Protein chains: 2
Amino acid sequence: MATQRDVARAAGVSLAVVSAVVNGTSHTRMRESTRTRVLQAMQQLGYQPNQTARSLRLNQTDMIAMILNKIDNPVYGPLRHGVYEAAAEHGATVLLGDAETMRSGSQFLTRLLSQGTVDGILIRGEGLLDDDVMAELRSHPKPILILEHALDHPWIDVDDRRAGEIATRFLVNLSHRHIVFVGGSGYLSQQRYLGYQQAMDAAGLTPAPHLATGFGEQAGADGLRQAMQAATAPTAIVVNNIMSAVGVLAAARDLGIAIPDQLSVVGIHDVDLMQHLRPAVTAVRMPMYQLGRAGVEALYDLIAGRPSAGGVITDPEPELVIRDSATALTRIRD
Amino acid sequence: MATQRDVARAAGVSLAVVSAVVNGTSHTRMRESTRTRVLQAMQQLGYQPNQTARSLRLNQTDMIAMILNKIDNPVYGPLRHGVYEAAAEHGATVLLGDAETMRSGSQFLTRLLSQGTVDGILIRGEGLLDDDVMAELRSHPKPILILEHALDHPWIDVDDRRAGEIATRFLVNLSHRHIVFVGGSGYLSQQRYLGYQQAMDAAGLTPAPHLATGFGEQAGADGLRQAMQAATAPTAIVVNNIMSAVGVLAAARDLGIAIPDQLSVVGIHDVDLMQHLRPAVTAVRMPMYQLGRAGVEALYDLIAGRPSAGGVITDPEPELVIRDSATALTRIRD
DNA sequence: CCTTGTTGACGTAACGTTAATTCAAAATAG
DNA sequence: CTATTTTGAATTAACGTTACGTCAACAAGG
């Protein structure tokens, strides 16, 4: 492949001029005619800049890494889009990794830790990155931004507490009194449960204990079964993780519980799929796309050494998307 | 950050020795005591090799790109895992891009086209990459492997025709006679339709025309509605794209069609979600994980200049996963 | 006419690595 | 005891860029 040297030779100019043409540097100036001559030579030779050499010289790769807990989780779709878009605006490409495969000594981690691979790192590990890995990452000289609550790193996240509150208050307003909170585990789920508690307290209702059955479809099914064993069955359920809502629907069907007539369901997080389920699932949509964009911006603040905005994103707020899985309580219960 | 030069100074040896220790090169030899001295110095200084400098020197980045049509499609989950794993075994990292954002002049494409970014490229664009982009990619000096049927490039793919045949034959064996084929568009869908036709012909049944309503949930709903307008309503339906099965289920519910009692449904491709829907969806699982692994192997054959295995993957075969959305036809119809 | 400033370039030293070449000292062979 | 080989390392030239420093030629100002 043609290099700047080849172009220089073909155009009868020095290397410096070619480089200046490529980058539009102001230091090295040239006649317009020279510039077009160089441009033509580049065209003819099919010159493509060598990104690696550029990175070495500039000590900057125009690449950032994003590490997600479970890449496949559809709630990360908009997050990823936000990150990719914002990164592109900064002229950067995104290297995507999965926390699950980021064991100590893994290929991806080694790559990240070696110098000159990425300009910065975005992490959403939901507590799944073990301490060894985090310690290794901490030794990384490039900035790291955590896309969830963190104690010892710059971080930014959506408002999970508020989401729990919004979901619960909606059910309260539909006259439900026995509302349970199901699924999840870890800090993030606790925040949502906190929001649930707040909304229950505000309505003078007694919060039920958190049925922390974990993540995914099965967790939802398990949660519903557990909830239904209570002395007084709930009339409504807040599902911590949206994919668990699928499991809740399935378990309800299996148990002969009609949704929403016998049980109202609200999920936290929203994905396209929810509008295509029957009943379509009412959910609290989190600004994940914005989180992605804000994350990249904050990361680039860190990279540039600027002070970086962090903490909980309160604008936009989590947004309730009303569909068919929750309805007002009309029958008298308990 | 510490470089090899710093390590060399600290250990009182030359650069060459440090490099040899890092790579385990046999050319430059050294005493065991020297080796440990260097290793200690590396440890003390926290030396991490500079990947960029290495890439520049070796003209090899240990990074491959994978371009997918719609990253978010859950059927790509296993494909991605296969690719990531196999790449890791080759000591490589994967740069993931979406065909949708790969317009001509896009950040990601520019990055790919510049020299020294990746060692090779894997593409599954499902016809969505426009000709400009493909032409630009073709000019790329590094090998490209297409993960679907291609005319002018090395390619490899799963057996879509066979999948259509398997799905259809299963329904035929359940005594269905009016079977429609719904959803999709493009070469890949045609292959599956071809398999459908084959199975229908083999059973002496008349294939219905391909209702090519496209991809995704909505496409399934549209397809079912269209299919139901026929003079004699079908008793079974082969859904080209698995996510469309969600839409089929929803539309059936909306139209008051009971699945599987009034209509049997079989989807092509399988994702975890299907077992959590009600009814759980019977589907033909494609060896996407293996496709990912095989794709990486074939790509590395190309990179190494070896002859590369290509074409349709027939082992393992698409596998029928029987769940609850299809049942034997017992009532007399038409 | 000399001074100063501007234009349009060129040369070159890095960036951190790898691998070819070279070479002194030690070991071995004759 | 000398000739030859082996061991253990050092020097150095790239890889393709970018940016600093330099400098001739020419124009403008006094």
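Note that the structure is a prediction, hence the values are computed from the model and not measured. Within every chain, numbering begins at 1; the chains are lettered A, B, ... in the order of the sequence lines, protein sequences first and strands thereafter.
If you check every strand for non-hydrogen atoms under 4.0 Å, Val13(B) touches sugar and phosphate atoms only.
Scanning residues 112-119 of chain A for heavy-atom distances under 4.0 Å to DNA chain D yields an empty list.
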Which donor-acceptor pairs under 3.5 Å do side chains of residues 1-11 of chain A form with protein atoms, sequence neighbours excluded?
from    : atom 1 : to       : atom 2 : distance (Å)
Thr3(A) : OG1    : Arg5(A)  : N      : 3.2
Thr3(A) : OG1    : Asp6(A)  : N      : 3.4
Gln4(A) : NE2    : Tyr47(A) : OH     : 3.3
Asp6(A) : OD2    : Thr3(A)  : N      : 2.9

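For Arg31(A) and dA9(C), the shortest distance from a side-chain N or O to OP1 or OP2 is below 4.0 Å. Within the 4.0 Å cut-off from OP1 or OP2 of dA9(C), at least one side-chain nitrogen or oxygen of Thr34(A) is found.
Whole-Å rounding puts the Arg9(A) CZ to dC10(C) P distance at 14 Å. Distance CG (Asn23(B)) to P (dG16(C)): 17 Å, rounded to an integer number of Å. For the pair Arg5(A) CZ and dA13(D) C1', the computed distance is 12 Å after rounding to whole Å. Separating the CG atom of Leu58(B) from the P atom of dT17(C) is a distance of 12 Å, rounded to the nearest angstrom. Protein atom CZ of Arg54(B) is 16 Å distant from nucleotide atom C1' of dA14(D), rounded to whole Å. If you measure from atom CD of Gln4(B) to atom P of dA19(C), you get 11 Å, rounded to the nearest angstrom. Distance Leu56(B) CG to dG16(C) P: 12 Å, rounded to the nearest Å. The separation between Asp6(B) atom CG and dT17(C) atom C1' is 13 Å, rounded to whole Å.
Residues Phe215(B) and Lys70(B) are not in side-chain contact: their nearest non-hydrogen atoms beyond the backbone lie 4.5 Å or more apart. With contacts defined as side-chain heavy-atom distances shorter than 4.5 Å, the pair Tyr76(B)/Val271(B) does not qualify. Using a 4.5 Å heavy-atom threshold, the side chains of Ile121(B) and Pro143(B) count as separate. By the 4.5 Å heavy-atom criterion applied to side chains, Val83(A) and Arg293(A) are not counted as neighbours. At least one side-chain heavy atom of Leu299(A) sits under 4.5 Å from a side-chain heavy atom of Ile64(A). Within the 4.5 Å cutoff, the side chain of Asp159(A) has no heavy atoms near those of the Ile313(A) side chain.
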All N/O contacts under 3.5 Å from nucleotides 22-28 of chain D to the protein, with atom names and distances to one decimal?
none

So which protein nitrogen or oxygen atoms get under 3.5 Å of nucleotides 11-13 of chain C's nitrogens or oxygens?
none

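Partners of His153(B) under the ring pair (Phe, Tyr, Trp, His ring centres under 6.0 Å) rule, at least two apart in sequence or in another chain, do not exist in this structure.
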Practice task
Starting from the C-alpha separation in whole Å, work towards a yes-or-no answer on side chain to side chain donor-acceptor pair (under 3.5 Å) for Glu148(A) and Tyr187(A).
Solution key: CA-CA 9 Å; Glu148(A) 59 198 324; Tyr187(A) 181 87; over 6 Å; no
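Here side-chain hydrogen bond (donor to acceptor under 3.5 Å, both in side chains) pairs that include residues 99-109 of chain B, with residues two or more places apart or in two chains, are Ser104(B)-Glu136(B).
More than 12 heavy atoms of other shown residues, nucleotides or ligands fall within 6.0 angstrom of atom CG in Asp152(B).
Nucleotides of DNA chain D nearest to Ala53(B) and Ser19(A) differ in position, and the one nearer the 5' end is that of Ala53(B).
With Asp157(B) contributing its side chain and Val312(B) its backbone, the two residues share no donor-acceptor pair below 3.5 Å.
Closest contact between the side chain of Asn50(A) and the listed nucleotides dA9(D), dT17(D), dG16(C) involves dT17(D). Checking dT17(D), dT17(C), dA9(D) against the side-chain heavy atoms of Thr3(B) singles out dT17(C) as nearest.
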